[in-house]
Amino acid sequence: MTATSSGQKLFAKPLINLCYLRSFHYFLEYQALQTLSALLTKSNLRSARFSRENLTILAREIRELFESDVQNILNSDLPPRLLWTESPISHLQRLPKIVSDGIDLSLRRRRRQAHEFSDEAQMGLDKLPEYYRRNFHFQTDGYLSEHSAELYDHQVELLFAGAADAMRRIVLPDVVEALHSYADAASKQIAFLELGCGTGAMTRNIHLTFPHARIVATDLSVPYLEMAKKRFSKSSTSRNRQIEFIEANATQLPFKDQSFDAVYSVFLFHELPREVRIEVIREARRVLKPGGVFFYIDSLQLGDKPHFDHVLKNFPRDFHEPFYLNYIDVPMHDLVESAGFELLATRFGFLAKGEVYRGRKI
Ligand SMILES: C[S@@+](CC[C@H](N)C(=O)[O-])C[C@H]1O[C@@H](n2cnc3c(N)ncnc32)[C@H](O)[C@@H]1O
């Protein structure tokens, strides 16, 4: 055994256990919130509970995800800082707002009300695509207020028991490899384009993995883009000037043909109607340089992990996701390949799937 591999083994276990501990903390927070909401909205407490069998599957899948995330970081020389997304103090400071918003969200879900907006969120609503003007997941203000943007990352981690950011990273080693063979990173600055960047969680992963790259991160939501900018302004370095946040619709990007070496999105496609998914992939192809890399990470689809098919089918029952059933039924691979891409890698991690493609030479 080499010195490096024994060093990696030494660090792997404590890191995996820390991830697991963090995940357990999110799981407990989620259970407490669900119970509180069920009591306040006088709904069935049983629906907030997991069966023992489901808990065992959940725990096993999450552990496998963390094991492979930590191994990827240690084996591919990715920075371990990827695992440290925020301090426990910031997390705890946000908790009162999470609890109060969790109750509002449950009441909205009970009323099945998915078109409810504050005055702030109403502004400019009519300029946005029709499919987008809604409270996705029944979340307060959809994607359209500072309040929603402030709580978003925490709420996503609650939903996935603290595994969301690890899911975002499942194809990172494949992306590193694909871009390595595309361009000599030392001699050329890689330009990334992110579609639907939200509050910039994946932008951070890409920035830490490719510290010399230029990243243009885009989204339809101005408050989410502002939150993403804040994330980077906290640790302001000269390198952060290589990151730009731009308001843009992924179906009509304000960039010339062949402007980027890599284009990617995370958790975007499952929220789009089928025809919009096709338009976004076509736009990605247009702005990608010949031989460039396209990748996405999103929900599993039917048949990817058959034991989770029932979970996928039930997901839109409790979370307002009107296009999700169509998303899980129409293989992303078919849509992406028919837009002129060749598949390089497919990975699964817990409830996520990631695929990496290269644009076919025209
Ligand atoms: C589920 S969130 C994912 C955010 C982020 N990528 C993440 O990993 O958490 C979906 C994001 O896609 C954005 N979005 C939806 N439709 C879009 C479109 N047509 N163009 C650009 N962004 C869009 C939303 O505003 C939201 O920020």
Side-chain angles (χ1 to χ4, degrees), residues 82 85-86 117 121 124-125 127-160 162-172 192-207 215-229 231 243 245-255 263-284 286-287 295-299 315-316 319-324 327 349-354:
L82 286 167
T85 43
E86 72 167 351
F117 294 104
L125 199 63
K127 291 195 203 84
L128 292 163
E130 198 274 327
Y131 78 85
Y132 186 79
R133 294 181 230 156
R134 59 182 72 246
N135 306 92
F136 279 104
H137 326 124
F138 294 112
Q139 76 196 44
T140 307
D141 287 334
Y143 289 120
L144 297 169
S145 70
E146 207 184 310
H147 171 80
S148 158
E150 188 187 345
L151 305 187
Y152 172 81
D153 285 313
H154 194 136
Q155 289 174 327
V156 175
E157 289 294 5
L158 281 176
L159 186 61
F160 294 112
D165 214 41
M167 291 197 284
R168 289 188 182 98
R169 290 191 287 267
I170 52 178
V171 291
L172 267 189
F192 283 90
L193 172 67
E194 180 168 355
L195 309 174
C197 66
T199 56
M202 187 63 176
T203 323
R204 175 181 182 270
N205 286 329
I206 293 293
H207 174 59
I215 308 174
V216 178
T218 60
D219 201 284
L220 273 176
S221 163
V222 175
Y224 274 56
L225 288 164
E226 288 304 317
M227 192 54 64
K229 278 184 207 162
R231 182 195 290 272
I243 307 171
F245 291 96
I246 296 179
E247 182 188 353
N249 189 336
T251 59
Q252 285 169 303
L253 294 166
F255 309 110
V263 179
Y264 66 95
S265 77
V266 178
F267 301 144
L268 168 68
F269 287 109
H270 74 275
E271 291 196 347
L272 308 178
R274 182 173 194 250
E275 62 282 6
V276 181
R277 260 172 265 150
I278 293 170
E279 278 178 66
V280 171
I281 296 166
R282 200 180 297 139
E283 267 299 81
R286 180 183 71 75
V287 298
F295 61 99
Y296 77 88
I297 295 95
D298 216 303
S299 159
F315 179 60
F319 300 93
H320 180 62
E321 288 279 13
F323 312 109
Y324 189 79
Y327 166 82
F350 185 33
L351 290 163
K353 159 159 83 175

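Counting starts at 1 for both ligands and their atoms, in listed order.
- Between Phe136 and His320, the angle of the ring planes lies from 30° to 60°, which puts this pair in the tilted group.
- Only the side chain of Tyr143 comes within contact range of ligand 1, with a heavy atom under 4.0 Å; no backbone atom does.
- In this structure a side-chain-to-backbone donor-acceptor pair under 3.5 Å is missing from Arg169 to Asn205.
- Between Asp153 and Arg231 there is a salt bridge, since a side-chain N of the basic residue sits under 4.0 Å from a carboxylate O of the acidic one.
- Arg204 approaches Thr85 most closely through the heavy-atom pair NH1-CG2, 3.9 Å.
- Listed for the Asp298 side chain is a donor-acceptor partner under 3.5 Å among the backbone atoms of Leu268.
- In terms of polar-atom proximity, defined here as any N/O pair under 3.5 Å, His270 makes no such contact with ligand 1.
- Interface atoms of ligand 1 facing Tyr152, defined by a heavy-atom separation under 4.0 Å, are 1 (C), 2 (S), 3 (C), 4 (C), 7 (C), 9 (O).
- The pair Glu279-Arg282 does not count as a salt bridge, with every side-chain nitrogen at least 4.0 angstrom from each carboxylate oxygen.
- Residue contact annotation: Asn249 has a non-hydrogen atom under 4.0 Å from ligand 1.
- The nearest heavy-atom contact from the protein to atom 20 (N) of ligand 1 is Ala250 N, 2.9 Å.
- Counting heavy atoms under 4.0 Å from ligand 1, residue Tyr131 touches it through the side chain alone.
- Considering Tyr324, Phe160, Phe323 as possible partners of Phe315, the one that fulfils the ring pair (Phe, Tyr, Trp, His ring centres under 6.0 Å) test is Tyr324.
- Each of the atoms 1 (C), 10 (C) of ligand 1 lies under 4.0 Å from some heavy atom of Glu271.
- Panel note: side chain Thr218, backbone Glu194; a donor-acceptor pair is recorded below 3.5 Å.
- If you check which protein heavy atom lies closest to atom 22 (N) of ligand 1, you get Leu220 N, 3.4 Å.
- Looking at Pro129 and Asn249, their side chains come closer than 4.5 Å, going by heavy atoms from C-beta outward.
- Every atom of ligand 1 with a heavy atom of Ala248 under 4.0 Å away is listed here by number and element: 20 (N), 21 (C).
- Looking at Phe136, Tyr132, Tyr296 and measuring to atom 15 (C) of ligand 1, the nearest heavy atom belongs to Tyr132.
- Checked by distance only, ligand 1 and Phe267 stay at 3.5 Å or farther apart across all their nitrogen or oxygen atoms.
- Only the side chain of Leu272 comes within contact range of ligand 1, with a heavy atom under 4.0 Å; no backbone atom does.
- In this structure a side-chain-to-backbone donor-acceptor pair under 3.5 Å is missing from Asp141 to Ser148.
- Checking Gln139 against His147 by side-chain atom types alone, no donor-acceptor pair falls below 3.5 Å.
- Of all protein heavy atoms, the one lying nearest to atom 24 (C) of ligand 1 is Asp219 OD1, 3.5 Å.
- Counting heavy atoms under 4.0 Å from ligand 1, residue Ala201 does not touch it at all.
- Every atom of ligand 1 is numbered from 1 in the order shown, and the set under 4.0 Å from a heavy atom of Leu268 is 12 (O), 14 (N), 15 (C), 16 (N), 17 (C), 23 (C).
- Within ligand 1, the atoms closer than 4.0 Å to a non-hydrogen atom of Cys197 are 5 (C), 6 (N), numbered from 1 in the order shown.
- The nearest protein atom to atom 8 (O) of ligand 1, hydrogens excluded, is given as Arg168 NE, 2.9 Å; this is a heavy-atom distance.
- Distances between N or O atoms of Val276 and those of ligand 1 include no value under 3.5 Å.
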